[in-house]
A.B. asks: 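This is the structure, below, for whatever I ask next.
Whatever order the structure lists them in is the order used to number ligands and atoms, beginning at 1. Small disclaimer: the values here were computed from a predicted structure and weren't measured.
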Amino acid sequence: MALKLNPVTFPSTRSLNITFSPSRHPRSPRTLLVASTSTKEAQKLKKSHGPPKEVHVQVTHSMPPQKLEIFKSLEGWAEDNLLLHLKPVEKCWQPQDFLPEPESDGFYDQVKELRERAKELPDDYFVVLVGDMITEEALPTYQTMLNTLDGVRDETGASLTSWAIWTRAWTAEENRHGDLLNKYLYLSGRVDMKQIEKTIQYLIGSGMDPKTENNPYLGFIYTSFQERATFISHGNTARLAKEHGDMKLAQICGIIAADEKRHETAYTKIVEKLFEIDPDGTVLALADMMRKKISMPAHLMFDGQDDNLFENYSSVAQRIGVYTAKDYADILEFLVGRWKVETLTGLSAEGNRAQEFVCGLPARIRRLEERAAGRAKQPSSPVPFSWIFGRELVL
Ligand SMILES: [Fe+2]
Ligand SMILES: [Fe+2]
């Protein structure tokens, strides 16, 4: 999934604990006159493993400590209402259900058929599928992100709280997505696996910057949005595979989309509960998250070559209709409706302003996008993608 939006950021209005603000481009090292050679070497090493792009001012622990009690008191609720959205392993599909069987005599024929079908798919489709697969493969980052959240993190790695059980089982379900797409793409023979593998390594090393501030209100709003975004984008890659005659790939993307939908249901249910317990705090969190914009999980993507890789991949996804600016507005509109934000009452003055802001935002985003689309687009020269052996695509 991906989306390119204007890089406008809104500062958070709350007084928060600001911890880190690297301001240099990590791949444009500056000479530090005072640093000794060994310090310089160490800094260079640190930069080479850091995020490829500037990371914004990072805020931590923005949820007031007294609200931790809310999540503690929801432990029983989570056990009864959240865990039922997980599927028992024995009832789950596995990547192998959709791939050639390596133990069978028909393996080579099955691979040949897969490759024949893949020949019908265009390069721009493969670039988007690769970007989606790389996004799924950075799963360690997403489990880390969930475990940054105060009050719900897995404190031991095998914690028995419902929140921790959810996070681990959710991760285990998600792990099948990247696995299946990765194996399919490998067998297709259409993409440069080494470049893709490098991109995954860079991306996991870079992490992500979702601006969720260790705050479970922000964190669960973010995951609600993301699960729906992945549901939409995998659904669209399924639809396009079908249009190109590859029913097997359509089934692969469709089965992943169905998981994302189930995860969306679970995360939106958590936020619905927060709206019930703390409507003011939750509407403020939603407005805060939307002012900062929902950044895509793979926004720090890099392949060792293209400094604009994420933007370029997002542009192709937008052009072929896998994930668009319209989808972003639609997701927000869906969530506002799902959480009945418009009918919230008894809010503080600040809460009322937040409510007004988020309810009017989908229409505002659409108007801005329509205006941007109406402007004559500068013809851009085609861009090479290392994932498809440097072949060029129009953005
Ligand atoms: Fe996924
Ligand atoms: Fe997901």
Side-chain angles (χ1 to χ4, degrees), residues 1-3 82-87 89 92-99 128-149 152 163 165-185 196 199-200 203-204 207-208 210 212 216 218-239 241 249-271 289 294-299 301 310 313-314 317 322-323 327-328 330-331 334-335 338:
M1 104 227 67
L3 177 72
L82 191 57
L83 301 187
L84 56 91
H85 294 288
L86 295 166
K87 259 196 179 175
V89 175
C92 276
W93 59 265
Q94 296 299 336
Q96 189 50 58
D97 299 335
F98 301 94
L99 292 164
V128 174
L129 194 65
V130 166
D132 290 355
M133 177 269 264
I134 290 168
T135 304
E136 294 285 352
E137 289 284 60
L139 183 60
T141 299
Y142 316 139
Q143 189 178 30
T144 300
M145 179 259 170
L146 285 168
N147 282 329
T148 66
L149 301 179
V152 295
W163 299 110
I165 289 171
W166 164 266
T167 296
R168 289 194 303 271
W170 170 85
T171 306
E173 286 195 3
E174 285 284 339
N175 188 52
R176 300 167 303 142
H177 301 174
D179 195 1
L180 176 53
L181 292 174
N182 194 324
K183 283 175 178 155
Y184 167 83
L185 284 162
I196 292 169
T199 313
I200 295 168
L203 183 59
I204 294 175
M208 72 189 283
T212 44
L218 301 178
F220 291 134
I221 289 166
Y222 182 85
T223 52
S224 296
F225 196 103
Q226 275 310 331
E227 294 290 355
R228 188 157 179 88
T230 46
F231 161 65
I232 289 171
S233 55
H234 290 306
N236 282 326
T237 50
R239 175 179 54 78
L249 181 58
Q251 203 187 4
I252 286 173
C253 298
I255 199 85
I256 296 173
D259 272 5
E260 309 293 16
K261 181 75 198 160
R262 189 159 42 79
H263 296 161
E264 174 209 306
T265 305
Y267 284 120
T268 55
K269 213 164 156 184
I270 300 173
V271 179
M289 212 56 235
I294 302 282
S295 59
M296 294 299 127
H299 66 123
M301 186 182 271
F310 179 75
Y313 146 64
S314 302
V322 166
Y323 189 73
D327 291 321
Y328 186 93
D330 289 351
I331 293 170
F334 170 86
L335 293 175
R338 166 78 181 79

A.B. asks: Among the N/O/S atoms of Glu260, which is closest to the Fe ion (ligand 1)? Give the atom name.
C.D. replies: OE2
A.B. asks: Do you see an N/O/S atom of Glu136, backbone or side chain, under 2.8 Å from the Fe ion (ligand 2)?
C.D. replies: no
A.B. asks: State, to the nearest 10 degrees, the angle whose vertex is the Fe ion (ligand 2) and whose arms point to OE1 of Glu227 and OE2 of Glu174.
C.D. replies: 120°
A.B. asks: Any Lys/Arg nitrogen of Arg262 or Asp259 sitting under 4.0 Å from an Asp/Glu carboxylate oxygen of the other?
C.D. replies: yes
A.B. asks: Could you pull out the atom name of the N/O/S atom in His177 that is nearest the Fe ion (ligand 1)?
C.D. replies: ND1
A.B. asks: Taking all non-hydrogen atoms of both residues into account, name the closest pair between Val128 and Tyr313 and its distance.
C.D. replies: O-CE1, 3.7 Å
A.B. asks: So, is His263 placed with an N/O/S atom under 2.8 Å from the Fe ion (ligand 1), counting both backbone and side chain?
C.D. replies: no
A.B. asks: Go through the structure and list residues passing salt bridge (Lys or Arg N to Asp or Glu O under 4.0 Å) with Glu174, not counting sequence neighbours.
C.D. replies: none
A.B. asks: Using modelled atom types and a 3.5 Å cut-off, is there a donor and acceptor pairing between side-chain atoms of Tyr142 and backbone atoms of Glu136?
C.D. replies: no
A.B. asks: Considering only heavy atoms from C-beta outward, does the side chain of Gln226 approach that of Tyr267 to under 4.5 Å?
C.D. replies: no
